[in-house]
Structures are given as structure tokens and as C-alpha cells.
Amino acid sequence: MKLLYSGKTKNVYELEDGNYLLKFKDDVTGEDGVFDPGANTVGLSIEGAGKAGLKLTQFFFEKLKEQNIPTHFVDADVEKQEMKVVPATVFGQGLEVICRFRAVGSFLRRYGKYAEEGQRLDAFVEVTLKDDERQDPPIGSDALHMLGILPKEEYSILKNLTKEISHIVKDELEKKGMELYDIKLEFGRNADNQIILIDEISGGNMRVYKDGEYVQPLDLEKLLLG
């Protein structure tokens with residue numbers, strides 16, 4: 001296999017059949033040993049995080065397939081911490097799309113003058129550039145269009161897909177008494193130029209609470225799938 005990219009939480013390889021292989025690591029994002037799904041650095045390594053992340057990712061991607069939502073998922077081998085996906089081209093040098101149901105994290109840091117911690121938000125969607133050097137700056141539809149990153153008509157598709165996917169995840173968590181505060185998604189275009197969900201859906205890219213207490217990534221997998 002040819003290594004294409006080594007990321008914070010996954011390595012990406014090219015397979016002979018033209019598909020890609022994602023190898024999940026036990027590293028998670030955060031700072032000073034504290035997990036933070038919105039962080040730009042690897043903050044700690046948690047044994048079993050890769051396997052737990054892949055279990056959740058497989059679960060959610062299969063749920064999305066049932067709802068005819070396009071993703072890059074082909075299949076997965078949890079024991080090997082590997083997921084086969086179709087190739088996809090990202091927008092620009094990569095975008096992150098966040099759907100927020102409560103005011104926490106970077107949203108609260110930016111808008112704390114007007115928002116209270118934990119305040120309910122109506123599936124607020126915001127897009128940021130994947131740019132560690134500039135702390136993943138938020139960017140709006142007009143700027144995305146003018147900079148040639150994402151046309152306005154595709155921004156609407158991206159936003160609607162984000163809300164639809166986030167509500168599916170939220171509903172699944174609610175079945176086990178958990179609440180989704182926010183979730184970070186990534187998208188790209190497949191060979192047919194269709195916008196599809198890529199990357200993962202796991203405890204590493206969402207904040208989930210149960211009875212007012214934050215649920216750690218490994219605990220999330222156990223509570224949802226155990």
C-alpha cells in the first residue's frame with residue numbers, strides 16, 4: 001500500500017483497486033492531555049480509541065446508507081482498525097463543517113459576550129478552513145464562493161446534508177439517553193462529482209453529554225453499542 005497522508009488520528013493509504021484505506025490511530029485531538037474535538041493538535045493517546053472510533057464510524061455510516069445519504073464508506077475491519085473508502089476530492093485544501101446544538105467550545109469562546117454556556121442552538125451550521133496555522137478560521141458562503149473553494153449552490157447542499165446527518169446522529173444518541181452538543185463533519189466530491197460525507201463519525205469529532213456530564217470517546221462507544 002502507498003501512504004498518501006499521515007493525519008492526526010488516521011493514516012490514508014492507496015489500494016491497488018483504486019480505493020483508499022484509512023488506518024485509525026489511538027491518538028485524539030486536544031491540548032495538555034485534555035481531549036478536545038475542535039483542537040488542531042494531538043493532545044493525547046488513548047488505548048483503544050482507534051478501534052472504538054472505527055466501531056462508531058461503521059455504525060453511523062451504515063445508518064446513513066439506510067437513509068440513502070452518500071458517503072465514502074465501503075467496508076471496515078474493526079480488529080485491524082481499517083476502513084476502506086472510495087476516493088474523494090476535498091474543497092480547496094479541506095473544510096470542516098460543524099453542526100451545533102448547544103453553545104460550547106469555540107462557539108462560546110467567540111460569542112461568549114452574547115451566548116451562555118450550554119445555551120440551546122438550532123442546529124447552527126458553520127464552516128471553517130482546515131488550516132492549523134491560522135486556527136481553522138470560520139468562513140462564510142460568500143467568501144467560499146469568491147475564493148473559488150465552494151460555489152454557493154453547493155454550499156446549500158453541504159449545509160442541508162450536515163443538518164440531516166447531524167440529526168440522524170443526534171436521534172441515535174437520544175435512544176440511549178445521550179445528548180449531542182456539537183459534531184464536526186468533512187465532505188468531498190467523488191468520481192461523479194457528487195458531494196459525499198468523508199472521514200469519520202466517532203467520539204473524536206463530537207461532544208456528547210449524558211445527565212449533564214461529558215461522555216468520553218471510549219465511553220461513548222460502550223454506551224451506544226455495548
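Just so we're clear, the structure is a prediction, and the values are computed from it rather than from any experiment.
Closest approach of Leu218 to Glu47, counting heavy atoms only: CD2-O, 3.3 Å. Here the closest non-hydrogen pair linking Ser166 and Leu185 is OG-CD1, 4.0 Å.
Distance check, rounded to the nearest 0.5 Å: CG of Asp77 to NZ of Lys23 gives 8.5 Å. Separation of atoms CG (Asp136) and CD (Glu96) is listed at 5.0 Å; rounding is to 0.5 Å. With values rounded to the nearest 0.5 angstrom, Glu164 atom CD is found 4.0 Å from Ile69 atom CD1. Here the CZ-CG distance, from Phe101 to Leu180, works out to 5.5 Å after rounding to the nearest 0.5 Å.
In this structure a side-chain-to-backbone donor-acceptor pair under 3.5 Å is present from Asp17 to Asn19. Between the side chain of Asn160 and the backbone N or O of Ser156 there is at least one donor-acceptor pair closer than 3.5 Å. In this structure a side-chain-to-backbone donor-acceptor pair under 3.5 Å is present from His167 to Lys163. Looking only at distances, a side-chain donor or acceptor of Asn205 sits under 3.5 Å from a matching main-chain atom of Ser202.
Of the options Arg120, Arg100, Arg102, a salt bridge (charged side-chain N to carboxylate O under 4.0 Å, His left out) to Asp182 is made by Arg100 and by none of the others.
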Give the intermediate values and the outcome of side-chain contact (heavy atoms from CB on, under 4.5 Å) for residues Leu173 and Met206. CA-CA 11 Å; Leu173 292 168; Met206 65 177 85; 4.2 Å; yes

May I have the step-by-step check of side-chain contact (heavy atoms from CB on, under 4.5 Å) for Leu64 and Phe73, ending in yes or no? CA-CA 10 Å; Leu64 297 178; Phe73 179 78; over 6 Å; no

Check against side-chain contact (heavy atoms from CB on, under 4.5 Å), Ile165 and Ile201: CA-CA 10 Å; Ile165 293 164; Ile201 301 180; 4.1 Å; yes

Going through the checks in order, is the salt bridge (Lys or Arg N to Asp or Glu O under 4.0 Å) test met by Arg110 and Glu126? CA-CA 13 Å; Arg110 285 197 302 269; Glu126 96 182 311; 2.5 Å; yes

Under the salt bridge (Lys or Arg N to Asp or Glu O under 4.0 Å) criterion, do Glu179 and Lys170 qualify, and how do the steps go? CA-CA 7 Å; Glu179 183 181 354; Lys170 188 173 187 289; 5.7 Å; no

Start with the C-alpha gap between Asp142 and Lys152, add the side-chain angles, then the distance that decides, and say whether salt bridge (Lys or Arg N to Asp or Glu O under 4.0 Å) holds. CA-CA 7 Å; Asp142 288 345; Lys152 287 187 177 182; 2.9 Å; yes

side-chain contact (heavy atoms from CB on, under 4.5 Å) between Leu129 and Leu95, worked out: CA-CA 5 Å; Leu129 298 176; Leu95 299 176; 3.6 Å; yes

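Hydrophobic clustering of Ile, Leu, Val, Met, Phe, Trp and Tyr side chains at less than 4.5 Å, counting indirect connections, unites Leu225 with Leu220.
Between His72 and Phe187, a ring centre-to-centre spacing not shorter than 6.0 Å is recorded. Between Phe107 and Phe124, the distance from one ring center to the other falls under 6.0 angstrom.
Classified by interplanar angle (parallel below 30°, tilted 30° to 60°, perpendicular above 60°), the ring pair Tyr214/Tyr209 is perpendicular.
Through side-chain heavy atoms spaced under 4.5 Å, either directly or across other Ile, Leu, Val, Met, Phe, Trp or Tyr residues, Tyr13 is tied to Met1, Leu3, Leu15, Leu21. Clustering of Ile, Leu, Val, Met, Phe, Trp and Tyr side chains at separations under 4.5 Å leaves Leu108 isolated, with no partner residue. As a member of the Ile/Leu/Val/Met/Phe/Trp/Tyr network built from side-chain separations under 4.5 Å, Val86 groups with Val74, Val90, Ile196, Ile198.
A salt bridge does not link Glu62 with Lys65: none of the charged nitrogens is closer than 4.0 Å to a carboxylate oxygen.
In this model, no donor atom of one side chain and acceptor atom of the other lie less than 3.5 Å apart for Arg134 and Thr128.
Using a 4.5 Å heavy-atom cutoff, the side chains of His145 and Leu150 are not in contact. Under the 4.5 Å side-chain criterion, counting only non-hydrogen atoms from C-beta, Asp26 is in contact with Gln81. Side chains of Glu186 and Val97 form no contact here, defined as non-hydrogen atoms less than 4.5 Å apart.
More than 12 heavy atoms of other shown residues, nucleotides or ligands fall within 6.0 angstrom of atom NZ in Lys176. Within a 6.0 Å sphere centred on CD of Glu16, other residues, nucleotides and ligands contribute 12 heavy atoms or fewer. Annotation: Lys10, atom NZ; neighbour count of heavy atoms from other residues, nucleotides and ligands within 6.0 Å is above 12.
Geometrically, Lys84 does not engage Tyr20 in a cation-pi contact, judged by NZ or CZ lying under 6.0 Å from the ring centre and within 45° of the ring axis.
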